[in-house]
Amino acid sequence: SNGLLLCPCSIVSQPLILLFCRFVDEARTYENIHAQRPAGFDFFPSLLSIGKICCSSIFPQGYIIVMTKVDGERLDKQWNQLSGSVKEHIHSEIYKAIKVLRRASTIVIDSGMHNVLYDPETNAVTMVDFELMQACEEDTMSPDEPEMFSISGHYPSRVRVRHEGG
């Protein structure tokens, strides 16, 4: 089901300039991802629209990003119950997602399991929340750092996980 997920980038208690900077970083990241592949990637929500909030009783000022809704639950809430083969799949998808971000010359500063969704019914892995980004040189930044370490607690291993049953 491709519904809409409204992601308000406004917290009234914070300074407006901080909100604007975070909105700009997140919007730029989704725009860069979209420019690489307009049809979208499996491991990111697709950008539908961005803009300034004009009329809202909940968010009287700020900016909004509208993207496709993705199913799943935060990875940090289910990681300990997942099998080794599922964890290996998740690592592989996150690694591919980070490589896409590097092609856009960006690092996710606030990476972690709390910003990854996993749907056990479809095996879908989705990275979200790009409001804290930093520019980097594409050829000097490995996808291993800092996101893979922040998300999984270790660097990707060259050794494959032994699957259940053998």
Side-chain angles (χ1 to χ4, degrees), residues 1-12 14 18-56 58-59 61-79 81-82 86-136 138 141 143-153 156:
S1 66
N2 273 356
L4 299 180
L5 171 66
L6 298 181
C7 176
C9 297
S10 174
I11 300 173
V12 178
Q14 292 185 348
L18 179 61
L19 292 174
F20 183 74
C21 291
R22 288 184 175 178
F23 167 80
V24 167
D25 285 346
E26 188 150 10
R28 183 181 312 123
T29 300
Y30 281 108
E31 288 172 329
N32 287 338
I33 290 168
H34 178 77
Q36 288 184 48
R37 184 185 292 176
F41 291 93
D42 292 338
F43 34 76
F44 299 119
S46 295
L47 177 66
L48 300 175
S49 185
I50 57 175
K52 186 173 182 172
I53 296 173
C54 296
C55 180
S56 170
I58 298 172
F59 301 103
Q61 62 182 5
Y63 297 86
I64 192 162
I65 297 175
V66 182
M67 60 190 77
T68 53
K69 180 183 182 296
V70 294
D71 293 323
E73 187 176 330
R74 285 178 26 176
L75 188 57
D76 61 338
K77 296 188 179 286
Q78 51 184 327
W79 183 256
Q81 290 78 40
L82 300 175
V86 169
K87 289 179 180 180
E88 182 178 341
H89 165 71
I90 291 169
H91 280 227
S92 173
E93 291 298 293
I94 292 169
Y95 194 80
K96 287 189 269 184
I98 294 168
K99 286 172 60 174
V100 170
L101 294 173
R102 285 302 178 279
R103 287 196 302 266
S105 300
T106 56
I107 296 174
V108 182
I109 301 301
D110 184 29
S111 58
M113 287 189 187
H114 63 288
N115 287 335
V116 176
L117 303 177
Y118 175 68
D119 183 355
E121 290 186 28
T122 63
N123 220 22
V125 178
T126 310
M127 284 187 72
V128 295
D129 193 6
F130 301 120
E131 66 185 27
L132 296 174
M133 303 297 286
Q134 178 177 319
C136 71
E138 180 182 345
M141 293 303 302
D144 299 336
E145 300 182 53
E147 295 97 325
M148 287 303 292
F149 185 78
S150 295
I151 292 168
S152 65

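- In terms of heavy atoms, Gly40 sits closest to Ser46 at CA-OG, 4.1 Å.
- For Tyr30 and Phe44, the ring centers are positioned 6.0 Å apart or more.
- Glu73 pairs by the side-chain contact (heavy atoms from CB on, under 4.5 Å) definition with Lys77, Gln78, not counting sequence neighbours.
- With rounding to the nearest 0.5 angstrom, the OH atom of Tyr118 is 11.5 Å from the NZ atom of Lys87.
- Between the Thr106 side chain and the Leu101 main chain, a donor and an acceptor come within less than 3.5 Å of each other.
- Applying the side-chain contact (heavy atoms from CB on, under 4.5 Å) rule to Asp129 yields the partners Glu26, Asp110, Asn115, Glu131; only residues at least two apart in sequence or on another chain are considered.
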_Worked verdict on Met133 versus Ile107 for side-chain contact (heavy atoms from CB on, under 4.5 Å)_ = CA-CA 6 Å; Met133 303 297 286; Ile107 296 174; over 6 Å; no

*May I have the step-by-step check of side-chain contact (heavy atoms from CB on, under 4.5 Å) for Glu121 and Asp71, ending in yes or no?*
CA-CA 9 Å; Glu121 290 186 28; Asp71 293 323; over 6 Å; no

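- Within the 3.5 Å criterion, the main-chain N or O of Asn123 finds a donor-acceptor partner in the side chain of His89.
- The closest side-chain heavy-atom distance from Val108 to Leu132 is not below 4.5 Å.
- Here the CD1 atom belonging to Ile65 is positioned 10.0 Å from the CZ atom belonging to Phe130, to the nearest 0.5 angstrom.
- Partners of Arg28 by side-chain contact (heavy atoms from CB on, under 4.5 Å), not counting sequence neighbours, listed by chain and number: Val24, Asp25, Asn32.
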*Can Ile50 and Tyr63 be said to form a side-chain contact (heavy atoms from CB on, under 4.5 Å), step by step?*
CA-CA 8 Å; Ile50 57 175; Tyr63 297 86; over 6 Å; no

_Could you go through Leu47 and Ile33, starting from their C-alpha distance and side-chain angles, then the distance that decides it, and tell me whether this counts as side-chain contact (heavy atoms from CB on, under 4.5 Å)?_
CA-CA 9 Å; Leu47 177 66; Ile33 290 168; over 6 Å; no

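- Ring to ring, Trp79 and His114 are not that close: their centroids are 6.0 angstrom or more apart.
- Within the 4.5 Å cutoff, no side-chain heavy atoms of Ile151 are placed close to those of Ile90.
- Annotation for Cys136 and Arg102: closest pair SG-CD, 3.8 Å, computed over non-hydrogen atoms.
- Between Val128 and Val116, every side-chain heavy-atom pair lies at or beyond the 4.5 Å cut-off.
- Here the closest heavy-atom approach between residue Pro38 and residue Ala35 is recorded as CD-O, 4.2 Å.
- Environment of CD in Gln81: crowded, with over 12 heavy atoms of neighbouring residues, nucleotides or ligands closer than 6.0 Å.
- Contact of the Thr68 side chain with the Leu48 side chain is registered, since non-hydrogen atoms from C-beta on lie closer than 4.5 Å.
- Residues forming a salt bridge (Lys or Arg N to Asp or Glu O under 4.0 Å) with Lys96 (at least two apart in sequence, or on another chain): Glu93.
- The minimum heavy-atom distance linking Met127 with Pro45 is given by the pair O-CD, 3.4 Å.
- Listed by chain and residue number, nothing satisfies the side-chain hydrogen bond (donor to acceptor under 3.5 Å, both in side chains) test with Gln134 (two or more places apart in sequence, or in another chain).
- Contact of the Leu75 side chain with the Leu117 side chain is not registered, since no non-hydrogen atoms from C-beta on lie closer than 4.5 Å.
- By the side-chain contact (heavy atoms from CB on, under 4.5 Å) test, Thr122 pairs with Asp119, Ala124, sequence neighbours left out.
- By the 4.5 Å heavy-atom criterion applied to side chains, Val100 and Gln36 are counted as neighbours.
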